[in-house]
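I have placed the structure first, in the form of structure tokens, so that the comments after it can refer back to it.
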Amino acid sequence: MTIFTKNLLLWYKENQRAHPWKETKNPYHIWLSEIILQQTRIEQGTPYFLRFKEKYPSIIDLANAPEDEVMRLWEGLGYYSRARNLHATAKYVALECNGVFPNTHKNILALKGVGPYTAAAIASFAYDLPHAVVDGNVYRVLGRYFNISEPIDTTQGKKQFAQLADQLLLQKDPATYNQAIMDFGATQCVPVNPACETCIMRSSCKAYQKGTVTMRPIKSKKTKQSQRFFHYLVISTPDQKVYLNKRLKKDIWQNLYEFPMIEKESLVASEELNLNTLFKDQAFWLRKVSSIFRQQLSHQKIHAQFLEIQLKDNLKQIENHEWIEVPRNQLDKYAFPRIINTYLEQCETGQNRQLLMDF
DNA sequence: AAAGCGGGGGG
DNA sequence: CCCCCAGCTTT
């Protein structure tokens, strides 16, 4: 055993964290937790894990759920392809595997939404198979301990880290080793202001010796961000319904709902939205234009304005729209992006109280 | 190889 | 304001 692995296990014995998915070998629960925790902090993901586990006690229950319900349960967690793949994989396991979760590394890796990290995690945690996890924690811990200057976001660099991780893995207890290195990265060797002065690894940590801790790990790319401008039409009918649109195109928030939206190159005045053309000869009026709501995504910044429109009569026909008509009190049945919910919450807390009033 | 995909927390 | 988080998929 390397000195690294030996010290890591010593540290883990004293400092391990307790999590709801650590006390089980149930592959369904382990898989569920790992999908939820992709690119997601423990504190943010844990409530979602508990809710999914409660709502869907078995993978069969998840497979049988309607997709909108799954999306609704995932609402607010982000990276919604994870929820779609989760549902698809549950159906696959239920229908093609007789409800038995795959139990080899190869078959686990083949599941939708499961990549190298998640496959190693499930294989080791559920089946004690010897596969080393490489996640953000591992990149950081190994990058520092071995003072690796190779970037972690290149094919070459990933290969090198994966190789090193496999070398360090404790073959006879991969599950404990994998938990240990991630706990260590998450609580001791943290991204900013790591606790080097109290660290058991200090005397053998190369980056600590060389003073490069804050410079590890190395990343080569930086993401550029674009600006997008959404004009949301909150269209109310006389009988207290609004219209929603399901986002089906290959874009952000796929399969989530939103108000009918007009995207422009910038935020524009309502006159430039050609609402008269949209509603043809139907009578409507613009009751209010909201303030500007903004949301920062990983590589886009969304600027959104909500135009509250009142129809005189219920909408008859609008050319080529696939909007659905939803009673206001049923909005909580639908999964919305964060920016929509922020708007709705502001309506409820008073600033836009008139939106909810009878007409 | 590079780009796209959320949302929240912390410095 | 920027960075990072139990990454994966598509192009």
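These figures come from a predicted structure and were not determined experimentally. Chain identifiers are assigned alphabetically (A, B, ...) following the order of the sequence lines, protein sequences preceding nucleic acid strands; residue numbering begins at 1 within each chain.
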Checklist line | Most 5' of A:Gly185 and A:Lys301 on DNA chain C, judged by nearest nucleotide | finding: A:Lys301
Next item on the list: Could you check A:Leu109 against A:His19 and say which one's nearest nucleotide on DNA chain C is further toward the 5' end?
Entry: A:His19
Distance between [atom1] atoms of [N] and [M] (Å, rounded):
N: C:dC8; M: B:dG8; atom1: P; result: 22 Å
N: B:dC5; M: C:dC4; atom1: C1'; result: 16 Å
N: C:dT11; M: B:dG6; atom1: P; result: 15 Å

When you compare the side chain of [Y] with that of [X], does any pair of heavy atoms fall below 4.5 Å?
X: A:Glu67; Y: A:Asn255; answer: yes
X: A:Arg140; Y: A:Pro191; answer: yes
X: A:Leu311; Y: A:Tyr243; answer: yes
X: A:Asn178; Y: A:Leu169; answer: yes

Margin query: Quick check: A:Phe49 with A:Trp21 (ring centres under 6.0 Å apart)?
Written below: yes
Note to self: With a 6.0 Å cut-off on the ring centroids, do A:Trp31 and A:Phe101 count as close?
What the structure shows: yes
Touch class at under 4.0 angstrom, heavy-atom based, for [X] against every strand present:
X: A:Val114; result: sugar-phosphate
X: A:Trp21; result: base
X: A:Glu75; result: nothing
X: A:Ile36; result: nothing
X: A:Ser33; result: nothing

Next item on the list: Kindly determine whether A:Gln188 and A:Thr198 satisfy side chain to side chain contact (heavy atoms under 4.5 Å, CB included), including the steps that lead there.
Entry: CA-CA 9 Å; A:Gln188 182 92 28; A:Thr198 65; 3.3 Å; yes
Check: Between A:Tyr117 and A:Gln38, does a side-chain hydrogen bond (donor to acceptor under 3.5 Å, both in side chains) hold up when you go through it step by step?
Finding: CA-CA 9 Å; A:Tyr117 162 75; A:Gln38 287 168 3; over 6 Å; no
Next item on the list: With a 4.0 angstrom cut-off to heavy atoms of chain A, pull out the first and last contacting nucleotide of DNA chain C, in 5'-to-3' order.
Entry: C:dC4 to C:dT11
Notebook entry, point to check: Using Watson-Crick and G-U wobble pairs with both distances under 3.5 Å, what is the 5'-to-3' dot-bracket string of DNA chain B, with [ ] for crossing pairs and | for pairs outside the strand?
Noted result: |||||.|||||
Margin query: Base contacts versus sugar-phosphate-only contacts with protein, heavy atoms under 4.0 Å: please encode nucleotides 4-11 of chain B as B, S and - from 5' to 3'.
Written below: SBBBBB--
Notebook entry, point to check: Any sub-3.5 Å donor-acceptor pair from A:Arg338's side-chain atoms to A:Leu77's backbone N or O?
Noted result: no
Margin query: Closer than 3.5 angstrom, by distance alone: can the side chain of A:Thr46 be matched with the main-chain N or O of A:Glu43 as a donor-acceptor pair?
Written below: no
Margin query: Going by side chain to side chain contact (heavy atoms under 4.5 Å, CB included), A:Ile235 matches just one of A:Phe284, A:Trp323, A:Phe259. Which one?
Written below: A:Trp323
